[in-house]
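In what follows, chains carry the letters A, B, and so on, assigned in the order in which the sequence lines appear, proteins first and then strands, with residues in each chain numbered from 1. If you're wondering where the values come from, they're calculated on a predicted model, not measured in any experiment.
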There are 2 protein chains.
Amino acid sequence: MPVTIADVARQAGVSKTTVSRVLNTRGEVDAGTAARVREVIAALGYVPSSGAVGLARGSSRTVAMLTPPLTWPWMGEVLQGVVDTVEAAGYGLLLFTCNRGRESVEHFAGQVSARAFDGLLVVEPEDTLDTITAMHRKGLPVVLIDDRGHHPEFPSVATTNREGGASAARHLLADGRSRPLIVTGRPDFGCVRERLEGFLDVLPTDRVVGGDFTEVSGRLATERFLATGRPFDSVFAHNDLSAVGVLRALRAAGRSVPDDIAVVGFDDIPMAQHTEPPLTTVRQPMRRMGERAAGMLLAHLAGTPAPVEPVVLPTELIVRASAPA
Amino acid sequence: MPVTIADVARQAGVSKTTVSRVLNTRGEVDAGTAARVREVIAALGYVPSSGAVGLARGSSRTVAMLTPPLTWPWMGEVLQGVVDTVEAAGYGLLLFTCNRGRESVEHFAGQVSARAFDGLLVVEPEDTLDTITAMHRKGLPVVLIDDRGHHPEFPSVATTNREGGASAARHLLADGRSRPLIVTGRPDFGCVRERLEGFLDVLPTDRVVGGDFTEVSGRLATERFLATGRPFDSVFAHNDLSAVGVLRALRAAGRSVPDDIAVVGFDDIPMAQHTEPPLTTVRQPMRRMGERAAGMLLAHLAGTPAPVEPVVLPTELIVRASAPA
DNA sequence: CTGAAAGCGCTTACAG
DNA sequence: CTGAAAGCGCTTACAG
């Protein structure tokens with residue numbers, strides 16, 4: 001039998017109303033009374049039932065997060081940033097991935113309708129965008145962490161993809177590399193276009209081959225380009241995973257990195273430190289993006305409306321052996 | 001204004017009791033009445049408020065998970081296994097990491113007392129073990145995913161560390177390697193002792209150096225051992241991260257892998273496929289461990305008590321280039 | 001088969 | 001400064 005507000009009230013010789021008041025630190029309580037109530041609370045180890053509080057107040061002090069597969073190499077950082085921020089605010093975090101298709105989307109939608117949480121954080125919505133849009137229109141506060149598309153309807157957090165691409169180009173240029181090969185991600189992603197444009201602004205080239213962010217695609221793209229015999233002295237891969245494939249293809253072809261070819265990736269996933277050679281890359285501040293998005297959502301719930309314009313956090317070039325300074 | 005059970009009752013011309021009965025599919029409702037109520041529910045898009053249901057029933061249909069830092073390379077798999085299982089059961093998953101010391105442990109403890117969830121999954125409890133034990137004694141169902149220590153008080157899921165160590169030894173032996181070096185993890189972890197014992201049973205050696213599961217420790221341990229000049233033809237590292245350090249030290253010393261030295265790790269983190277050469281390793285079924293632990297907790301909540309003995313899932317040797325067959 | 005009423009544990013006008 | 005009462009949206013004996 002957990003202790004309830006009624007137990008505290010009885011024990012302290014006051015009404016439940018008064019206990020509730022000291023709980024919620026409303027000023028209108030006699031200092032002595034308040035002290036006595038607080039003692040009883042401590043003595044009994046009383047903690048208000050979150051369900052009951054939620055029902056009475058009409059909010060749950062819980063936010064939800066909807067993510068792509070958690071095995072993506074940078075999800076850990078994003079999640080950790082979100083969890084830390086949400087925990088620090090005294091909120092709970094409900095996690096959904098909708099990894100199992102329709103059924104899981106429905107379960108998720110059900111939780112929304114059941115008012116199980118007050119706000120929602122979404123990472124890279126893909127096939128859930130319609131569902132989320134509908135929820136948002138019905139009044140659910142939503143913040144996106146999204147690089148792929150631009151959804152002006154939602155507050156969002158992104159990163160400086162364009163400047164990130166430019167920084168990669170400047171780095172290669174400073175090292176005297178003038179004939180880069182670019183291995184892109186899927187061209188329908190906004191981040192891919194921005195990374196490409198930023199790079200091309202600084203270091204124009206027509207050596208551009210398409211990939212899809214997987215290691216295999218990086219390897220194949222490199223092999224295909226090598227087969228053409230066109231010379232190149234560096235590679236800018238649009239994410240680290242495909243850069244790993246690039247490194248592998250270059251090694252298999254007997255090209256030395258960075259002596260023959262310098263390689264720069266994007267993301268700075270944990271693996272980037274451990275490739276051979278370690279990968280120079282444009283770091284996305286995933287943890288800070290998570291913190292920031294969570295902060296915006298929490299602020300919104302507290303009454304501060306989220307910014308209309310996307311919040312854009314800076315990338316940072318991390319120089320390692322695959323493309324030294 | 002979300003629609004409530006009262007709206008449905010009014011619209012269908014029945015009492016809230018009856019609506020509740022069809023919601024919870026209790027048999028004692030006239031088929032026609034039930035059908036009518038169901039129509040109204042669909043028409044109104046009614047979903048019961050989870051908070052109100054929880055309060056009335058005294059349970060939340062939510063489980064919590066307490067994890068080490070989410071940036072650990074295998075946490076994504078565990079989490080995904082848990083999320084999938086929990087979602088499929090129609091439960092919510094509340095995520096805690098207690099990453100910020102005392103304060104976050106207190107927040108977590110508060111949520112427990114607030115009965116925000118019905119059961120708890122814990123991954124590798126370290127400094128939270130006391131807190132968890134106390135909660136468990138007060139009646140909170142708990143399942144551990146834990147390799148490190150053995151806590152007979154809790155139901156738990158682990159993996160065949162001993163057999164995993166043995167399989168690594170058999171693999172090396174079959175390849176004609178008879179002088180292994182072992183780079184261990186922290187000796188106070190149960191999994192480390194088991195991996196060591198399993199290996200030594202098959203392939204005894206006194207070439208054992210201590211590490212702590214980090215890449216740096218693997219590198220330093222290897223460097224130190226190389227400095228002694230003692231010959232060895234293979235390395236068994238107690239986890240993949242330290243195996244990455246081993247590979248690096250060997251390369252720096254000009255030893256070829258696997259020609260001079262074969263290397264076997266443990267875990268099969270994503271990075272293991274991308275090292276140079278790719279890492280042969282003993283795979284822990286992290287996702288299935290997550291699924292299984294979640295399944296046990298859910299079953300317990302549904303009335304099937306969890307097994308007293310730890311559930312032990314099999315490891316699997318993954319052969320790659322660092323120690324070919 | 002169905003409903004009125006009490007209860008889950010809180011909060012919040014309202015009155016004093 | 002304090003309390004009685006209603007209400008949040010459900011479920012569940014109890015009675016019929």
Next on the checklist: If we ignore hydrogens and angles and just use 3.5 Å, is the side chain of B:Thr85 paired with the main-chain N or O of B:Gly81 as donor and acceptor?
Outcome noted: yes
Next on the checklist: I need the OH-C1' distance between B:Tyr46 and D:dC10, as an integer number of Å.
Outcome noted: 7 Å
Item to check | Given D:dT2, C:dT11, D:dA4, the nucleotide with the shortest approach to the side chain of A:Thr33 | outcome: D:dT2
Item to check | Spacing of A:Arg115 atom CZ relative to D:dG9 atom C1', expressed in whole Å | outcome: 8 Å
Next on the checklist: Without decimals, in angstroms, what is the distance between B:Arg57 CZ and C:dG9 C1'?
Outcome noted: 17 Å
Item to check | Complementary nucleotide of D:dA4, counting Watson-Crick and G-U pairs under 3.5 Å | outcome: none
Checklist entry - What do you reckon, is CZ of A:Arg292 surrounded by more than 12 foreign heavy atoms closer than 6.0 Å? => result no
Checklist entry - Rounded to the nearest 0.5 Å, how far does CG of B:Leu66 lie from CD of B:Glu124? => result 11.5 Å
Item to check | Given D:dA13, D:dG9, C:dC10, the nucleotide with the shortest approach to the side chain of B:Arg21 | outcome: D:dA13
Checklist entry - Does a donor on one side chain and an acceptor on the other come within less than 3.5 Å for A:Ser60 and A:Asp118? => result yes
Checklist entry - Does C:dA13 have a Watson-Crick or wobble mate here (both distances under 3.5 Å), and if so which one? => result none
Checklist entry - Between D:dC10 and B:Ser49, is there an OP1 or OP2 to side-chain N/O distance shorter than 4.0 Å? => result no
Checklist outcome for this item: Between B:Ala52 and B:Thr17, whichever has its closest DNA chain D nucleotide further toward 5' is B:Ala52
Checklist entry - Are any of the side-chain nitrogens in B:Glu126 or B:Arg186 under 4.0 Å away from the carboxylate oxygens of its partner? => result yes
Checklist entry - How close or far is atom P of D:dG7 from atom CG of B:Leu55, stated in whole angstroms? => result 17 Å
Checklist entry - Starting at NZ of B:Lys16 and ending at P of D:dT12, how long is that distance when rounded to a whole Å? => result 14 Å
Checklist outcome for this item: Of D:dT2, C:dC1, C:dC10, the nucleotide closest to the side chain of B:Asp30 is C:dC1
Item to check | Residue-phosphate contact under 4.0 Å: A:Thr18 side-chain N/O, D:dG3 OP1/OP2 | outcome: yes
Checklist entry - Are B:Ser20 and D:dT12 close enough that a side-chain N or O sits under 4.0 Å from OP1 or OP2? => result no
Next on the checklist: Is there a side-chain contact between A:Ser15 and the phosphate of D:dG3, meaning an N or O under 4.0 Å from OP1 or OP2?
Outcome noted: yes
Checklist entry - How close or far is atom P of C:dT2 from atom CZ of B:Arg10, stated in whole angstroms? => result 19 Å
Checklist entry - Of A:Arg36 and B:Ala6, whose closest DNA chain D nucleotide lies nearer the 5' terminus? => result A:Arg36
Checklist outcome for this item: From CZ of A:Arg61 across to P of D:dC8 the rounded distance in Å is 22 Å
